[in-house]
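Just so it is clear, the structure is predicted and the values come from calculations on it, not from any experiment. A note on names: the letters A, B, ... follow the listed sequences, proteins ahead of strands, and every chain is numbered from 1.
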Amino acid sequence: MRIHDTLMRRTVDLVPREPGKIAMYVCGVTPYAPAHIGHARTAVVYDLLRRYLRSAGYTVTYVSNYTDIDDKIIQRAQDQGIAPLDLSTRYIGEYLEDMAALNVLPPDVTPRVSESIPDIIDLIGRIIANDHAYVSSDGVYFAVRKFSRYGRLSGRSVDEMRSGARVEVNEAKEDPLDFALWKFAKPGEISWDSPWGRGRPGWHIECSAMSLRHLGAGFDIHGGGEDLIFPHHENEIAQSEAALDGQQFVRYWMHSGMVNMGGEKMSKSLGNVMTVRELLEQYPGQVIRLYLLQTSYEKPLKFSLSGFGQAFASYERMAEFEAFLQELGQSSHDGVDPEIESTCSGFLSEFDASLADNLNTSRALASLYEFMTRIRRMASEHGLAKLDASCALEAFRSRLWVLGLDQTSEYVRHKTGLLADKQHELEEAAAEVGAAADDHGSARDLLDAIVAKRRAARETGQFDLADQIRERLRSIGIALEDGVDGVRYRIRG
RNA sequence: GGCGGCAUAGCCAAGUGGUAAGGCAAGGGUCUGCAAAACCCUCAUACCCCGGUUCGAAUCCGGGUGCUGCCUCCA
C-alpha cells in the first residue's frame, strides 16, 4: 500500500522492516478528562489502518500508550484530593468504553508511563552516555543543538525556532530549545528514583521508551494527531536516534487531521469540546464512526451536527442492505449468477485499491454504495431471490469489517433503545387507537398491538383508519413500511 | 513575526494535466389502496478571484482574497 509520510513529505510505498509484518505505534491519550471527538478520530483512523493491513495479509503489532502521569493529571488529582494514578485509571476506563462503542479494536499492547519507568531511565542513560543530554539543577535536558537533524520532521530550522521567542525561559537550560527528559520532583509530587535524583519523566521521552521497548528500533509506522508533529514527534526522533547510535528510529510517520469546532481546533485547553459520550447519547457509535471516515484522514474535519444526520441516513442504508442480503440468503436458490460474481469481485478490488491508496475512505465508501446499488438493481430487475447471492453478503460484511462498520446489530440495538424510550408515547397512542395491549406490555408489545389493529383495518378495507394509525405513529417518530412479507418499522429521529 | 495546509453543487466529499466519483437533501417516474422502502431519471459548461504555462488545468506557475494548523500542553 501507499501512505503519506510526513518526514519524506510525499506518498510512498509502505515497505515493512520485516516482510509480512507491520509494527505500529500511535501516541495515545492523556487521560484526565473524557475523550472528545478529536481523540475518537485519531483512534478510528489508526484502527482502520490496522484493520486494512490485517485484511491485506499483514501480521500487525499495534502499540498505543496512555500518558498516565503528567502535569494536568497531577493538578486535577490534587484538586479532587485523589491519587494521580487513580484519576488516570478512571479515565482510561471511560476511554476504553468510548472506543468500544466506536468499534475500535483494543491495541495489542497499551503501555502506561507509570509502568515504563525502568525503560525510560535506561533510555535517558543511553542519551547521556552519548553526550546528547545533560543533568541540570531541576532535571535532565536534551541538548537540541547536538542533534544535527533536529527540525527535519516539522520542516523548520533551529534558528527559526529560536526567533519564535515563545520558548519558555529557564535558567536551568543550556539552550532555550532544550527540553526535559527527566524532571526532578517537587515536594509532595509523585516521583520515582533515578540515577540523577527522584523525579518523573518528561513527556517526549515516554513515547520513545515505550515504542522502542515493545517494537524495537526501526519499527514501521509511528502515528498520531498532526498537532504532535512539533515538538513531540520531533523530540522523539532526536532522543531516540541520539540513543540508537545511528540506527533509524521509525520508518514511516503518519499524522491524522484535527477536528475543528466552530472554525478552530477542538481541544481541552480551548474548552470547545464535544465529547464522545455526549455524541453517543444521540447517535449510535457506528454512525459516529462513519461520520469520521467520510473525510480523508489527513484533512481537517469541520465538526457539524448536520453531518451526523447525514451519516445516520447513510448508515441506515448499509444496515438495511445487510438485512436484505440476509433475507435473500434464506430463500431457495437455482445457482450462481456470473453477473453477481463479477459485481462482487469488482467491488472488492475497487474497495481494496482505494484503501491501499493512502486510506482513501471516501473512494472506498463510494465503491460500497455503488455495490449496494448494483445488487439492489439486479434484485429488482431479475428477481435475485432465485439466485445465490451469498458472495454479496460475504463481500459486503468483510469490507464493513475493514471499515469497522460491521456492527449493524449494535446499530439495531440502539434503535431498539430508541423504541423503548417511546414507551409512554406508545401507551397513549395504543389507547387512542383502541389497540388491545397488556397494561404492563413492553414498547415492542405496544407497537405490535397497534400494528395488529392497523392490519385488521387494512384487511377490512378501512384505509382511513389504517392511515390514521400510521400517521399517529409517525407523529411519535415511528415510520411503518408495508412490504409483501409484512410490516417493518423504523425509528425516525 | 516565522513555517505549513485548505478553498469543488443546498450540505458532506473524491479527484493533482485529458475534459467533474460517491453520499445526504431535493424534484419527476415505476411499484403501492395510499405511503414508505427499493429501483429508474434529473440535479456543478463547472471546481474562491485575477493573470500565466499548455493542444488541453479543478489539477502546474505567479499574484490576490478567505479560512485554518504548528511555532506553548494538545489526538
Inset, instruction - For rC3(B), give its Watson-Crick or G-U wobble partner with both distances under 3.5 Å, or none. - result: rG69(B)
Legend entry - salt bridge (charged side-chain N to carboxylate O under 4.0 Å, His left out) partners for Glu471(A), two or more places apart: Arg474(A)
Inset, instruction - Describe the nucleic acid contact of Ile229(A) in one word from base, sugar-phosphate, nothing, applying a heavy-atom distance below 4.0 Å. - result: nothing
Inset, instruction - Identify the nucleotide, in any strand shown, that forms a Watson-Crick or G-U wobble pair with rC55(B), with both distances under 3.5 Å; if there is none, say none. - result: rG18(B)
Inset, instruction - Assess whether one donor atom and one acceptor atom, taken from the side chain of Arg470(A) and the base of rC34(B), lie less than 3.5 Å apart. - result: yes
Inset, instruction - Confirm from the modelled atom types if Asp482(A) and rC34(B) form a donor-acceptor pair under 3.5 Å, side chain to base only. - result: yes
Legend entry - Nucleotide rG22(B), atom C1' - distance to CZ of Phe321(A) in whole Å: 16 Å
Inset, instruction - Give Ser256(A) one of three labels, base, sugar-phosphate or nothing, depending on what nucleic acid heavy atoms sit under 4.0 Å from its own. - result: nothing
Legend entry - Closest-nucleotide ordering on RNA chain B, the 5'-leading residue of Glu381(A) and His232(A): Glu381(A)
Inset, instruction - Using a cut-off of strictly less than 4.0 Å between a heavy atom of the residue and any atom of RNA chain B, enumerate the qualifying residues of residues 97-111 of chain A by number. - result: none
Legend entry - Sequence-distant partners of Arg470(A), salt bridge (charged side-chain N to carboxylate O under 4.0 Å, His left out), two or more places apart: Asp467(A), Asp482(A)
Hey, can you pull the donor-acceptor pairs under 3.5 Å for the side chains in residues 22-33 of chain A, sequence neighbours left out?
residue	atom	partner	partner atom	Å
Tyr25(A)	OH	Asn65(A)	OD1	3.0

Legend entry - For Lys183(A), salt bridge (charged side-chain N to carboxylate O under 4.0 Å, His left out) partners two or more places apart: Asp71(A)
Inset, instruction - Produce a footprint string for nucleotides 5-14 of chain B: one letter per nucleotide, 5' end first; B if the base is under 4.0 Å from any protein heavy atom, S if only the sugar-phosphate is, - if neither. - result: --S---BSSS
Inset, instruction - Give, ordered by number, those residues of residues 37-44 of chain A having at least one heavy-atom distance below 4.0 Å to an atom of RNA chain B; if nothing qualifies, reply none. - result: Gly38(A), His39(A), Thr42(A)
Inset, instruction - Using the aromatic ring of Phe463(A) (for Trp, its six-membered ring), decide whether it stacks on the base of rG33(B) within the limits of 5.5 Å and 30°. - result: yes
Legend entry - Ser256(A): partners by side chain to side chain contact (heavy atoms under 4.5 Å, CB included), with sequence neighbours left out: Thr42(A), Val45(A), Tyr46(A), Tyr297(A)
Inset, instruction - Measure distances between side-chain N and O atoms of Arg317(A) and base N and O atoms of rG23(B), and say whether any donor-acceptor pair falls under 3.5 Å. - result: no
Legend entry - Set of side chain to side chain contact (heavy atoms under 4.5 Å, CB included) partners for Asp337(A), sequence neighbours left out: Glu339(A), Ile340(A), Leu387(A)
Legend entry - Partners meeting side chain to side chain contact (heavy atoms under 4.5 Å, CB included) with Val250(A) (sequence neighbours left out): Phe219(A), His222(A), Trp253(A)
Legend entry - Set of side chain to side chain contact (heavy atoms under 4.5 Å, CB included) partners for Arg10(A), sequence neighbours left out: Met8(A), Val12(A)
Inset, instruction - With sequence neighbours left out, write down each residue that passes salt bridge (charged side-chain N to carboxylate O under 4.0 Å, His left out) with Asp220(A), or none if nothing qualifies. - result: Arg251(A)
